[in-house]
Amino acid sequence: MKVSMEAPRTPQHDLVAMTAALRGALMQRVEQGIQSSGLTNYYNYVLAKRLTFAGPQTAAALSEQLRQNIRVIEDNLSQMLEQGLVVRDGETWQVTDAGRGALTAANDSGTEVLNDIREAIGASACDQLVAGMRQALAALHAA
């Protein structure tokens with residue numbers, strides 16, 4: 001006897017599935033924008049953002065704050081150093097003007113993605129989609 005392990009089909013289930021597919025497509029577009037800014041990957045973006053807004057920090061502090069393996073942080077900082085996006089002074093790292101420029105470009109690309117979505121589906125449909133997602137997530141949390 002075959003038993004399906006698939007969750008029952010409900011409007012909430014369908015909305016969650018659609019949200020997951022939309023999230024994947026959005027993340028791909030956002031990552032493309034990040035890469036076109038000069039930041040190689042999402043970690044570079046997060047590090048540039050942290051160093052811009054929190055100021056110079058050590059790799060250990062960044063690792064702790066971002067809850068990420070220090071080796072991953074160090075590898076990304078080294079890559080950013082080669083690109084001129086950060087500089088190192090002893091144990092402390094700080095973002096350069098080029099790094100701040102890349103961060104601004106990455107943020108602008110995210111705004112472009114959101115504007116493209118609003119234009120493609122319309123502002124009203126976009127607002128309804130967001131409201132529906134919020135309702136579905138609230139229902140899932142309540143269950």
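Atom CG of D75 is separated from atom CZ of R71 by 4.5 Å, given to the nearest 0.5 angstrom. Taking CD1 of I73 as the start and CD of E64 as the end, the distance is 11.5 Å to the nearest 0.5 Å. Atom SG of C126 is separated from atom CD of E119 by 11.0 Å, given to the nearest 0.5 angstrom. With rounding to the nearest 0.5 angstrom, the CZ atom of R100 is 10.5 Å from the CZ atom of F53. Residue D108 holds its CG atom at 9.5 Å from CG of L103, rounded to the nearest 0.5 Å. Here I34 contributes atom CD1 and Y42 contributes atom OH; the two are 7.0 Å apart, rounded to the nearest 0.5 Å.
Side-chain atoms of N44 and N41, non-hydrogen and from C-beta on, do get closer than 4.5 Å to each other. Within the 4.5 Å cutoff, no side-chain heavy atoms of V87 are placed close to those of W93. E74 has its side chain out of reach of L77: every pair of non-hydrogen atoms, C-beta onward, lies at least 4.5 Å apart. Under the 4.5 Å side-chain criterion, counting only non-hydrogen atoms from C-beta, Y43 is in contact with Q68. In this structure, L47 and L39 have side chains that are not in contact, with every pair of non-hydrogen atoms separated by 4.5 Å or more.
Considering every non-hydrogen atom in both A98 and G84, the closest pair reads CB-O, 3.7 Å. Taking every heavy atom of both residues into account, S109 and A106 meet most closely at OG-O, 2.6 Å.
In this structure, Q32 places its CD atom where more than 12 heavy-atom neighbours from other residues, nucleotides or ligands lie under 6.0 Å away. Around CG of D89, the count of heavy atoms belonging to other residues, nucleotides or ligands within 6.0 Å does not exceed 12.
Put simply, I70 and L66 are part of two different groups of oily side chains (I, L, V, M, F, W, Y) that touch within less than 4.5 Å, one to the next.
Looking at L85, T92, V95 one by one, the single match for side chain to side chain contact (heavy atoms under 4.5 Å, CB included) with L51 turns out to be V95. For the pairing with Q57, the side-chain hydrogen bond (donor to acceptor under 3.5 Å, both in side chains) check across Q94, Q65, R50 returns one residue only, Q65.
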